[in-house]
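For ligands, and for the atoms within them, numbers begin at 1 and follow the listed sequence.
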Amino acid sequence: MTELLQIGGITDRMKDRLSTAFDIRQLDDFDAARITHVVTNGHDGVPPDLMAQLTNLKMISVYGVGYDAVDATAAAARGVVVTHTPNVLNNEVATTAVLLMLACYRELVRDDEYVRSGRWETEGNAPLTRSADNQKVGILGLGRIGQAIADKLGPWSPEISYHTRSPKDVPYRYFDNLVDMAKHVDVLICITPGGPSTNKLVNAEVMRALGAGGTLINVSRGSVVDEAALIEALQSGALGWAGLDVFEDEPRVPQALRELPNVVLLPHAGSATVETRAAMGDLTVDNLLQHLNDGSVLTAVPECKDL
Ligand code: NDP
C-alpha cells in the first residue's frame, strides 16, 4: 500500500477516507524512502530537513489555504506537487474577520464581562461603544478571502479601500502604499498570505498611521504584524484596538497582549467550524486520492500549477 506521512492532526472523516487508499504513517514511525505522499496543515507544514529526507516524495496536500510553512518553490523544483484548500473557507474566515471587527467596535468582550461580574448591577450602564456602521475599511490583501470580507461587510455600509502589490478590477479605492491607506481608514483588516514578502508588513509606522481611533484586525498570519510594535502601540494608545486571530509564535501569546483591555483574541479559529473544516478536509483528501489515481490534482498551489 502507498505510504502517506501524516503531519499534525486530521479529522476522523479524513482518516477514514485516507485509510482506504493509503497506509498512514506517523512522524514517530515512518521509513523516509517509502513515503510518497504527505498530509499536513498550514501551521506545521513540512520542515525543510524532513522534506530533504523524503527522497521519493511526489505530493504534499495541505489542509488549509495558507501554505507558507511549506517551501513550495523547492517542492516544485523537485517535481513534488503541493495542493491546498482555496475558496471552501472564504466565507468562514470572512465571518471571523467581521466578528473581530464588530467585537472591537461594540466592546463585546468588555461588556460580556461587565454583565458577568455584576458591575452592571453595582455601577450602572456600561460606557458607550462605537458604531461599526459607515466606517472606512482598508483591506490588506484583496484575494479570495479579502473579497469575501468586503462582500460580508456590505450591510455595515463601509467605504472600502485596499492595498495589494498590483491593483485589481474592483470598485474600491486602491492604495499602492500601505501607510497612506492606514492614514485614510478607520479599520485595517489583514488577509495576505504569510511568508517573507509580507513579514512585519504592518509595522509601527502603519499602526501610528492607523492611529488612536483606529482598529487593526489580523486574520492572515502572525508574521504579517510586528507583534512587539503592536503591543507597544496598544499600550501607549497610539493604536486604539486590535482583533487578532493569529500570532507570531502560536499557540504562545505574549502575556502583555493577554492583559490588554483593548484587544479581542481568538485561537487561530478563522476557518474552525465543523462545516468548513469538513469541506477543507474533503478537498485535502480529494487531492490525495486523485493524485494516487491518475497523477493529477484539483487545487495545486500557484508554484506547482505547471507540474
Ligand atoms: P489569495 O492568494 O486569494 O489572496 C492573497 C492576497 O494578498 C492577494 O490579493 C495578493 O495580491 C495579496 N498579497 C500577497 N502578497 C502581498 C504583499 N506582499 N503585499 C500586499 N498584498 C499582498 O489568498 P486567500 O485570500 O485565499 O488567503 C489569504 C491568506 O489568509 C492565506 O494565505 C492565509 O495566510 C490566511 N488565512 C488565514 C486563516 C485563519 O484561520 N486565520 C484561514 C485561511 C487563510 P497581490 O498578489 O496583487 O499582492
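- Nearest to atom 44 (C) of ligand 1 among the protein's heavy atoms is V65 CG1, 3.2 Å.
- The neighbour count for E232 CD, taken as heavy atoms of other residues, nucleotides or ligands under 6.0 Å away, does not exceed 12.
- Close approach of ligand 1 to T198 (heavy-atom distance below 4.0 Å) involves ligand atoms 15 (N), 16 (C), 17 (C), 18 (N).
- Residues R165 and D176 are not paired through a salt bridge, judged by the lack of any N-O separation under 4.0 Å between the basic side chain and the carboxylate.
- The protein atom (non-hydrogen) at minimum distance from atom 23 (O) of ligand 1 is R144 NH2, 3.5 Å.
- The 12-atom threshold is not exceeded at CD of E121, counting heavy atoms of other residues, nucleotides or ligands nearer than 6.0 Å.
- Both the backbone and the side chain of T164 come within 4.0 Å of ligand 1, counting heavy atoms alone.
- Under 4.0 Å is where a charged nitrogen must lie from a carboxylate oxygen, and between R25 and D31 no such pair does.
- For atom 4 (O) of ligand 1, the nearest protein heavy atom (residue, atom name, distance) is G143 CA, 3.2 Å.
- A single hydrophobic cluster is not seen to contain both L142 and V185; linkage of ILVMFWY side chains at heavy-atom distances under 4.5 Å, directly or through other members, places them apart.
- Under a hydrophobic clustering in which Ile, Leu, Val, Met, Phe, Trp and Tyr are joined whenever their side-chain heavy atoms come within less than 4.5 Å, directly or via other members, V179 and V224 fall into the same cluster.
- Interface of D245 with ligand 1, defined as ligand atoms under 4.0 Å from a residue heavy atom, comprises 39 (C), 40 (O), 41 (N).
- By the 6.0 Å and 45° rule, R119 does not stack over the aromatic ring of Y114.
- Around atom CG of D306, no more than 12 heavy atoms belonging to other residues, nucleotides or ligands sit under 6.0 Å away.
- With hydrogens and angles ignored, the 3.5 Å screen pairs no side-chain donor or acceptor of K58 with any backbone N or O of N56.
- Of all the atoms in ligand 1, the ones that sit under 4.0 Å from a non-hydrogen atom of S271 are 40 (O).
- Both the backbone and the side chain of R165 come within 4.0 Å of ligand 1, counting heavy atoms alone.
- Under a hydrophobic clustering in which Ile, Leu, Val, Met, Phe, Trp and Tyr are joined whenever their side-chain heavy atoms come within less than 4.5 Å, directly or via other members, L140 and I149 fall into different clusters.
- Under a 4.0 angstrom heavy-atom cut-off, N90 registers as lying outside contact with ligand 1.
- Residue K168 approaches ligand 1 through these ligand atoms, each under 4.0 Å from one of its heavy atoms: 9 (O), 11 (O), 45 (P), 47 (O).
- Annotation: atom 27 (O) of ligand 1 to nearest protein heavy atom, I145 CD1, 3.5 Å.
- By the 4.0 Å heavy-atom criterion, S220 is counted among the residues contacting ligand 1.
- Residue contacts with ligand 1, taken as heavy atom pairs separated by less than 4.0 Å, involve T192 via backbone and side-chain atoms alike.
- For atom 28 (C) of ligand 1, the closest heavy atom belonging to the protein is I191 O, 3.6 Å.
- The shortest contact between atom 5 (C) of ligand 1 and any protein heavy atom is with P193 CD, 3.6 Å.
- Between the side chains of T11 and R277, no donor N or O sits under 3.5 Å from an acceptor N or O.
- Under 4.0 Å is where a charged nitrogen must lie from a carboxylate oxygen, and between D12 and K15 no such pair does.
- Atom numbering of ligand 1 starts at 1 in the shown order; those under 4.0 Å from a heavy atom of H268 are 39 (C), 40 (O), 41 (N).
- Near L142, the atoms of ligand 1 lying under 4.0 angstrom from a non-hydrogen atom of the residue are 9 (O).
- Closest to atom 37 (C) of ligand 1 among all protein heavy atoms lies V219 O, 3.0 Å.
- Heavy atoms of Q147 come nearer than 4.0 angstrom to ligand 1 in no pair at all.
- Residues T192 and R221 have side chains that never bring a donor and an acceptor to within less than 3.5 angstrom of each other.
- Only side-chain heavy atoms of V93 come within less than 4.0 Å of ligand 1; its backbone N, CA, C and O stay farther off.
- Set against the non-hydrogen atoms of L201, the atoms of ligand 1 under 4.0 Å away are 19 (N).
- For ligand 1, the atoms closer than 4.0 angstrom to any heavy atom of G141 are 6 (C), 7 (O), 9 (O), 12 (C).
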